[in-house]
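As structure tokens, the structure follows; a few thoughts come after it.
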Amino acid sequence: MKTIIEPFRIKSVEPIRMTTRAERQDKLCAAHYNLFTLQSQDVLIDLLTDSGTGAMSANQWAAIMRGDESYAGSPSFQRFEAAVRRLMPFQHIIPTHQGRAAEAILFSILATPGANIPSNTHFDTTRGNIEAGGAFAHDLVIDEGKDPALIHPFKGNMDLDRLRAYLAEHGESVPCVMLTITNNAGGGQPVSLENIRAVARIAHQHNRLFIIDGCRFAENAWFIKQREDGQKDRAISDIVRDCFAEADGMTMSAKKDGLANIGGWLALNDAELAERARARLVMTEGFPTYGGLAGRDLDAIAQGLSEVIDEDYLHYRIRTNEYIIERLDALGVPVVKPAGGHAVFVDARRWLSHIPPLSYPGQALAVALYLTGGIRSCEIGTVMFGRQPDGSEKPATMDLVRLAIPRRTYTQSHADYIVETFAELATMKDRLAGFRITEAPRLLRHFTCKFAPLSPA
Ligand code: F0G
């Protein structure tokens, strides 16, 4: 059969409240055109993030009832630890309330002032946690990963020559080398097993730790199976184990490929480092057998990890993105290609080329998607990255809009509706106007700043 169906049926539904364009216009005005300020019941299809917004399975809800809330030594922790270790064979597995808590603990130890930490591309919270300690975060993704339209099977790969040069230049100041799989900030693009192994080898030749940010490890393994020589007949779980066998540790947000609504972990092989991490954990998150989570959350994650490596699930998941991208491409909407794992990225700067970067074409597109279709997306461009430390503004490298797809939540008709909204926008996109910012905090302005529309040119 050619149709890739959702490999589940729906037992429990959550109604979507339908809204009219006029209502959405009012909500937008009240929110000062900032989509983060909207209330989610005023959104029809919420593609703000794929983090913690997915649907849990019947077996996960059943696991929640098995959750044991003992303060210490809970069987929920034992099930969680065993489930993680089945896929990621690390010595020490330390639960945290979400991914950034694992980063905060790891970098409170490794990111000493003046330290240098490379990755393919650091996610914002990873960068924030590194810089908070006075260390520096650098992105060394391959050049192909920076060209939205260029087709390459592993656009998330690390540039190995630049990594070698980086380690030679920064020497002892590099505590670890990181790799984010898939590369979220670079469009959800995968990293090959060959590249993971090469990065591990180079890090180890220099006596440096190799840490994987594994948030979307299962999606990454699916791409390896589809695209890498010699991998197509292998089980996803074997590919996953091979990826993590190379690493000395990992950080994880279970809100992504843990298929849970909350949770994360830090895993390490080094006993001394793990002890320091646990000491920090006890101060900031909780006892080492629950780490900021309820026992039931640990059980939901343990069950989620056995479901996320299911090939029918991964096939449907990745196919959804490809399906949307193929149709947007046919409409002439410029998208980041090939399809990434968790989101569709639209090149707003190219599509709305009449809106200059400092008038925020990504924001103009995100607002138009909401107004026309009730779809909430996220600007990843000059609004998010344009403000300079001295208060001035300059265009970000790209002005993208991310449509992040929550796991197991929307169906193919939702995907068709998204495409139809773009088709509608295509007829009027040249009349869309940019925005100016009327009020903004100094840091992380995109979450709370206020906008006013500019009049069409
Ligand atoms: N690393 C990556 C690659 C991520 O995408 C995220 C979160 C984190 C770490 C932090 O994990 O949210 O559990 O603390 N990404 C979300 C997103 C928020 O929308 O892309 P967290």
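Numbering of ligands and ligand atoms starts at 1, following listing order.
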Short N/O distance, under 3.5 Å, between [X] and ligand 1?
X: G263; result: no
X: K256; result: yes
X: N184; result: yes
X: T182; result: no
X: D50; result: no

So, [X] versus [Y], ring centres under 6.0 angstrom or not?
X: Y316; Y: F8; result: yes
X: F36; Y: F447; result: yes
X: Y290; Y: F77; result: no

Side chain, backbone, both or neither: which part of K255 comes within less than 4.0 Å of ligand 1 when only heavy atoms are counted?
-> side chain
Under a 4.0 Å heavy-atom limit, does M178 contact ligand 1 with its side chain, its backbone, both, or neither?
-> neither
Say whether G264 and ligand 1 are in contact under the criterion: heavy-atom distance to a ligand atom below 4.0 Å.
-> no
Residue pair D68 / S76, side-chain donor-acceptor N/O under 3.5 Å = no
